[in-house]
Amino acid sequence: MSVLCTPAPDDLPPPPDLTRLAAMLSRLKLTAIRDQLDTLLAEAARRELTLAETLALLCEREIARKDERRIEMALGLARFPMVRDLAGYDFGAQPAVDKQQIRELATGRFVANGEAVLILGPPGVGKTHLSVGIGRAVITAGYTVLFTPATALIAQLVKAHAEGRLEERLIHYCKPKLLIIDELGYLPVEPDAAHVLFQLVSRRYERGSILLTSNRAVSEWGSVFGDPVVATAILDRLLHHSHVLTIRGESYRLREKRRAGLLGTTGAPSATRAPSIARAARSPDAPPTPPGVS
Ligand code: ADP
Ligand code: MG
């Protein structure tokens, strides 16, 4: 019996042909395992891993590489206007922002549930920063995201409508799991534009999430859209399952300038300053007459 159990040296499996193994891993698209084969096998031997543990180690590396690639690609497709993340958001400077609520949003659960997020507040308080940070976290959580300034989105929809391609554009904007529409309200929305925007919002309703930032309180949306009926119809869908963050307080940029001694204490450029300094202190993307959030 013992002869049967103990293979003769000739019966031992041949040493693995790593070239052949690498070719098979390529064919299976297990490129992380292929590229790190030597080190992974050495690590498994050093840690005296069982076969199952070795297999788990290999799978973990492959999944980690695939996740990295997916995140990198999704970040490119999201078209964020700036590189920002939630770790870089100074919550101490903005007590109106509930860190716990942002953490919850960062899990991406609201996307899984098809809920909307509205971030409202005056210019410079970090609405775009938070929307990009949440968008990145949502990508890491496994979803697709598209960021678009409200003006560009509306212009695209109106143009497509005029060219008879609205359906195609609506499909495009319905594809990502999360659509971030930034800075609604800086420019008034024409009635035709409001109507196509309504079509988009109602098509995504309960199917895909929208994160929308605005410098205008929802009570002012009637005037933003120039049509209270369309504004109410849009809000009705956005607010049904929603998280609303209202940020009050002063612009982060102005706060920084004040700290640097460039401004007085009111937020307005100091009257005694030279005009060039006052110009430098003005927020570059602020509208001519920044309205607050009521
Ligand atoms: P908003 O969209 O509300 O006008 P932004 O998100 O564009 O404001 O913020 C303006 C600038 O200030 C950005 O560079 C942003 O990163 C920064 N900023 C705003 N608030 C904060 C904050 N609380 N912590 C760190 N940076 C901030
Ligand atoms: Mg902004």
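Nothing fancy with the numbering, it's 1 onward along the sequence. Remember, it's 1-based here, ligands and their atoms both numbered in the order they're listed.
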Report task. Could you tell me whether Glu183 and Arg216 make a salt bridge, using a distance below 4.0 angstrom between a side-chain N and a carboxylate O? Result ->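 No, this pair does not count.
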Query - Test: Glu168 and Arg165 ion pair at under 4.0 Å - result: yes
Query raised in the report: Applying a 4.0 Å heavy-atom criterion (strictly less than), which segment of Tyr89 is in contact with ligand 1: side chain, backbone, both, or neither?
Result: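 Both backbone and side chain of Tyr89 come within 4.0 Å of ligand 1.
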Query raised in the report: So, is Asn215 placed with an N/O/S atom under 2.8 Å from the Mg ion (ligand 2), counting both backbone and side chain?
Result: no
Hey, is ligand 1 close enough to [X] that some N/O pair sits below 3.5 Å?
X      : value
Ala93  : no
Asp90  : yes
Gly124 : yes

Query raised in the report: Heavy-atom distance to atom 5 (P) of ligand 1: which of Gly126, Gly92, Ser131 wins?
Result: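 Of the listed residues, Gly126 has the closest heavy atom.
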Query raised in the report: In ligand 1, which numbered atoms sit nearer than 4.0 Å to a non-hydrogen atom of Pro123?
Result: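 Per the distance check, 4 (O).
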Query raised in the report: Which atoms from ligand 1 have a heavy atom of Arg84 less than 4.0 Å away?
Result: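 Those atoms are 13 (C), 14 (O), 15 (C), 16 (O).
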Requested in this report: Run the numbers on His243 and Gln101 for side chain to side chain donor-acceptor pair (under 3.5 Å), then give the verdict.
Outcome: CA-CA 9 Å; His243 307 258; Gln101 188 179 20; 4.6 Å; no
Query raised in the report: So which residues get pulled into Met73's cluster when ILVMFWY side chains under 4.5 Å apart are joined, directly or through others?
Result: Leu77
Report task. Only counting residues at least two apart or in another chain, list the ones meeting ring pair (Phe, Tyr, Trp, His ring centres under 6.0 Å) with Tyr205. Result ->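 Testing Tyr205 for ring pair (Phe, Tyr, Trp, His ring centres under 6.0 Å), a comparison that skips the adjacent residues, returns His240.
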Query - Which atom of Glu183 approaches the Mg ion (ligand 2) most closely (N/O/S) - result: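 Per the distance ranking, Glu183 contributes OE2 as its closest N/O/S atom to the Mg ion (ligand 2).
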Query - Polar side chain donor-acceptor pair, Arg34 to Ser26, under 3.5 angstrom - result: yes
Query raised in the report: Is the shortest distance from a heavy atom of Gly121 to ligand 1 less than 4.0 Å?
Result: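 No heavy atom of Gly121 comes that close to ligand 1.
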Query raised in the report: Do the ring planes of Phe225 and Trp221 sit parallel (below 30°), tilted (30 to 60°) or perpendicular (above 60°)?
Result: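 Answer is perpendicular, since the angle exceeds 60°.
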